[in-house]
Amino acid sequence: MSRLVIVSNRVAPITEGKPTAGGLAIGVYEALKDTGGLWFGWNGEIDATPATSPEIAHRNNVTFATVPLTRRDYNTYYRGFSNATLWPTFHYRDDLTRYQRDDYNGYRHVNARFAALLAPLLEHDDLVWVHDYHLLPFAQACRQIGVQQRLGFFLHIPFPSPQVLMTVPPHEALVRAMCEYDLVGFQTETDRTAFTDYLVRHAGATLHDDGTVTAFGRTLRTGVYPIGVYPDEIAQQATARATVKHILDLKQGLQERKLIMSVDRLDYSKGMLERFRGFERLLELWPNQQGTVSFVQVAPPSRSDVAGYGEIRRQLEAEAGHINGRFSDLAWTPLRYINKRYDHEVLMSFFRASQVGYVTPLRDGMNLVAKEYVASQDPEDPGVLVLSCFAGAAQELDGALIVNPYDIDSMADALRTALNMSPSERQARHASMMATLREHNLSTWRNRFIADLCAPASAVEPDALLCTQPAAA
């Protein structure tokens, strides 16, 4: 049976129940630990000299192969092209995009370096599953040094429309490099369509009836694989830390008030500024809500050295101060904005203690927080999810109240509806979403992608785990 090899920009230090680098790290580790295999990528450290070989560590049935970056590689590949060019563009924020040719050259250099360091570790029948926007050209770098194993790629973030993608100067080279993969997967059909539209309109590609596409002299598969969670495990986590001091402090501070809860990385794509204004509008339009509800936003800092992130933090602090200055009284602070990390189990307990989950990104590939919020709820007394139509999760979670985060009044309306929803309607909405989460859990995501990576161009077995025979690229 073939071995699964995961490649991602960051190999996070995984400690059960502790904070990780985010949804990608949680999803990748959970997908890998069941089958075993190798996880390769950056260890988060900066060294003066390039690594000559990965550092190897073993935990359970997973082998971790990690390397540091040099300061120059970090600045060009990570801070530069990945997060100052691709991230804002793929989230439709071309107004924040900064492109420098040196950054792009550094991005290609690190992808080539990663390929060279991974190649000696590969076995002939490995399946290599590459993750996210940092590694768009990784397959091309592998092919150039003779790697023949099957290579699949999954994009965790949105893929932009062709006209938006074309604002990135080397857009054609990037898409050409992506076509060196055997399988390219996306969170939603919208993202896959954007990719194939680019290929057809700007690369003369041919779409085939079996779902494959021929472009730049290669034929590859594309697919939609919405990433999931393990909902029953999350439900257990949500009750495991019910007596932790953080939870007791939260409940004591609420004093029987209803709770609106949000958890995000500090990032301009998450729509937190618009979210704050939606809450302010709720208090403004319905004064009877004042003093009866509190909003807690947990937003641990991320990428603080990338241009633009300091500004969004200043904006949020100013907006939180404005709302609290306008509505607070001696007994009530309406908005608590917290820049710190909590253990995953503690966050799930926060979700379970709340009456509303407020998840309103301006653009998001999936947003696992939305799914975690649903899974953490008490089925007898569940909270209500208010969810942006621009999150991939909105296409699956039919029991959520779907809002446009650019429409402040609609968010205020949805919050009021959620706070006043009857128990029977809350239960019905929650049950429907939990059925979806169980049917399309993290194992389903992994198994479907791997089955399609194993397959040539015909139908696949969705329950297959790993190819049982070597598969040439």
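Values in this document were obtained by computation on a predicted structure and should not be read as measured data.
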Could you tell me whether the side chains of D364 and N367 share a donor-acceptor contact shorter than 3.5 Å? yes
Say whether, by atom type as modelled, one donor and one acceptor occur between the side chain of T193 and the main chain of T190 under 3.5 angstrom. no
Should Y92 and S161 count as side-chain neighbours, where that means a heavy-atom distance under 4.5 Å? yes
Between the main-chain N or O of V62 and the side-chain N or O of N60, is there a donor-acceptor pair closer than 3.5 Å? no
For I227, does its backbone N or O pair with a side-chain atom of Q187 as donor and acceptor, under 3.5 Å? yes
Let me confirm one number: the CZ-CG distance from F81 to N111, rounded to the nearest 0.5 Å. 10.0 Å
Under the 3.5 angstrom rule, does the side chain of D103 hit a backbone N or O of Y99 as a donor-acceptor pair? no
Centroid separation under 6.0 Å, is that true for the rings of Y358 and F295? yes
For S443, is there any backbone N or O sitting under 3.5 Å from a side-chain donor or acceptor partner on N441? yes
Using a strict 4.0 Å threshold on nitrogen-to-oxygen distance, state whether R72 and D102 make a salt bridge. yes
In the structure I gave you, are the side-chain heavy atoms of P379 and M434 within less than 4.5 Å of one another anywhere? no
Run through F154, F153, F449, F195 and flag the one making a ring pair (Phe, Tyr, Trp, His ring centres under 6.0 Å) with Y181. F153
Check the pair S269 / R363 against side chain to side chain contact (heavy atoms under 4.5 Å, CB included), numbers first and verdict last. CA-CA 6 Å; S269 69; R363 188 75 60 169; 5.5 Å; no
Looking at R426 and D381, is any side-chain nitrogen of the basic one under 4.0 Å from a carboxylate oxygen of the acidic one? yes
Looking at every heavy atom in both W39 and L32, which two are closest together, and how far apart are they? CB-CD2, 3.7 Å
Should W332 and Q290 count as side-chain neighbours, where that means a heavy-atom distance under 4.5 Å? yes
Would you check, one step at a time, whether the test side chain to side chain contact (heavy atoms under 4.5 Å, CB included) holds for Y107 with T76? CA-CA 6 Å; Y107 177 80; T76 58; over 6 Å; no
Under the 3.5 angstrom rule, does the side chain of T444 hit a backbone N or O of E439 as a donor-acceptor pair? yes
Nearest 0.5 Å please: distance from the OG atom of S349 over to the CD atom of Q237. 9.0 Å
Indicate whether the side chain of W87 and that of S82 have a donor and an acceptor atom separated by less than 3.5 Å. no
Are any of the side-chain heavy atoms of D94 and P88 separated by less than 4.5 Å? no
Can you give me the closest heavy-atom contact between P405 and E274, atom names plus distance? O-CB, 3.4 Å
So, does T66 use its side chain to make a donor-acceptor pair with the main chain of N43 at under 3.5 Å? no
Centroid-centroid distance, F138 to F114, less than 6.0 Å: no
Any chance you could measure E311, atom CD, to Y268, atom OH, to the nearest 0.5 Å? 13.0 Å
Let me check something: any side-chain donor-acceptor pairs from residues 162-171 under 3.5 Å, sequence neighbours excluded? List them with distances.
unit_1 : atom_1 : unit_2 : atom_2 : d
T167   : OG1    : V164   : O      : 2.6
H171   : ND1    : Y198   : OH     : 2.7

Apply the test side chain to side chain contact (heavy atoms under 4.5 Å, CB included) to residues T360 and K270: give CA-CA distance (whole Å), side-chain angles for both, the deciding distance (0.1 Å), then the verdict. CA-CA 7 Å; T360 55; K270 300 303 181 183; over 6 Å; no
Using modelled atom types and a 3.5 Å cut-off, is there a donor and acceptor pairing between side-chain atoms of D343 and backbone atoms of E345? no
What verdict does the side chain to side chain contact (heavy atoms under 4.5 Å, CB included) test give for V369 and D264, after you've listed the backbone C-alpha separation in whole Å, the side-chain angles of each residue and the deciding distance to 0.1 Å? CA-CA 8 Å; V369 168; D264 300 274; 5.6 Å; no
Would you say that Q355 contacts V293 through its side chain, given a criterion of any heavy-atom pair below 4.5 Å between the two side chains? no
Is it true that the side chains of R79 and N83 contain a donor and an acceptor less than 3.5 Å apart? no
Between the side chains of R221 and D210, is the shortest nitrogen-to-carboxylate-oxygen separation below 4.0 Å, so that they form an ion pair? no
Looking at R277 and E280, is any side-chain nitrogen of the basic one under 4.0 Å from a carboxylate oxygen of the acidic one? no
Would you indicate whether the side-chain heavy atoms of L86 and L174 approach each other to under 4.5 Å? yes
Looking only at the aromatic ring of each residue, does the gap between the centers of F186 and Y225 stay below 6.0 angstrom? no
Let me see the working for Y78 and W42 under ring pair (Phe, Tyr, Trp, His ring centres under 6.0 Å), right down to the final yes or no. CA-CA 11 Å; Y78 182 75; W42 176 39; 5.4 Å; yes
Would you call the rings of W445 and H131 parallel, tilted or perpendicular, taking 30° and 60° as the class edges? tilted
Got a sec, which residues hit side-chain contact (heavy atoms from CB on, under 4.5 Å) with T196, two or more places apart in sequence or on another chain? R192, L207, T222
Validation row: V296, S262 side chains within 4.5 angstrom (heavy atoms): no
Once you round to the nearest 0.5 Å, how far does CG of L316 lie from CZ of R275? 9.5 Å
Has the side chain of Q289 got a donor or acceptor atom that lies under 3.5 Å from a matching backbone atom of L283? no
As a quick check of understanding, evaluate side-chain hydrogen bond (donor to acceptor under 3.5 Å, both in side chains) for D132 and S8, giving each step before the final call. CA-CA 7 Å; D132 229 6; S8 63; over 6 Å; no
Hey, are the side chains of V403 and V386 touching, using non-hydrogen atoms and a 4.5 Å cut-off? yes
Going from CE on M433 to CZ on R438, what distance comes out if it is rounded to the nearest 0.5 angstrom? 12.5 Å
Over all heavy atoms of both residues, which pair between Y337 and E317 is shortest? Give the atoms and the distance, please. CE2-CG, 3.7 Å
Do D413 and R281 meet the salt-bridge criterion of a basic N to acidic O distance under 4.0 Å? no
Counting only heavy atoms not in D209, do more than 12 fall under 6.0 Å of its CG? no
Worked check of side-chain hydrogen bond (donor to acceptor under 3.5 Å, both in side chains) between T97 and T85: CA-CA 5 Å; T97 298; T85 303; over 6 Å; no
If I take atom CG from residue L266 and atom CD from residue Q297, how far apart are they, to the nearest 0.5 angstrom? 9.0 Å
Could you tell me which non-hydrogen atom of G365 sits nearest to which non-hydrogen atom of T188, and how far apart they are? O-CG2, 4.0 Å
Under 3.5 Å donor-acceptor, E396 side chain and K371 backbone: no
Heavy atoms of A393 and L387 approach each other most closely as C-CD2, 3.9 Å
Minimum heavy-atom distance between L282 and L415, given as atom pair plus value: CD2-CB, 4.2 Å
Mark yes when over 12 heavy atoms from residues, nucleotides or ligands other than R201 sit less than 6.0 Å from its CZ; otherwise mark no. no
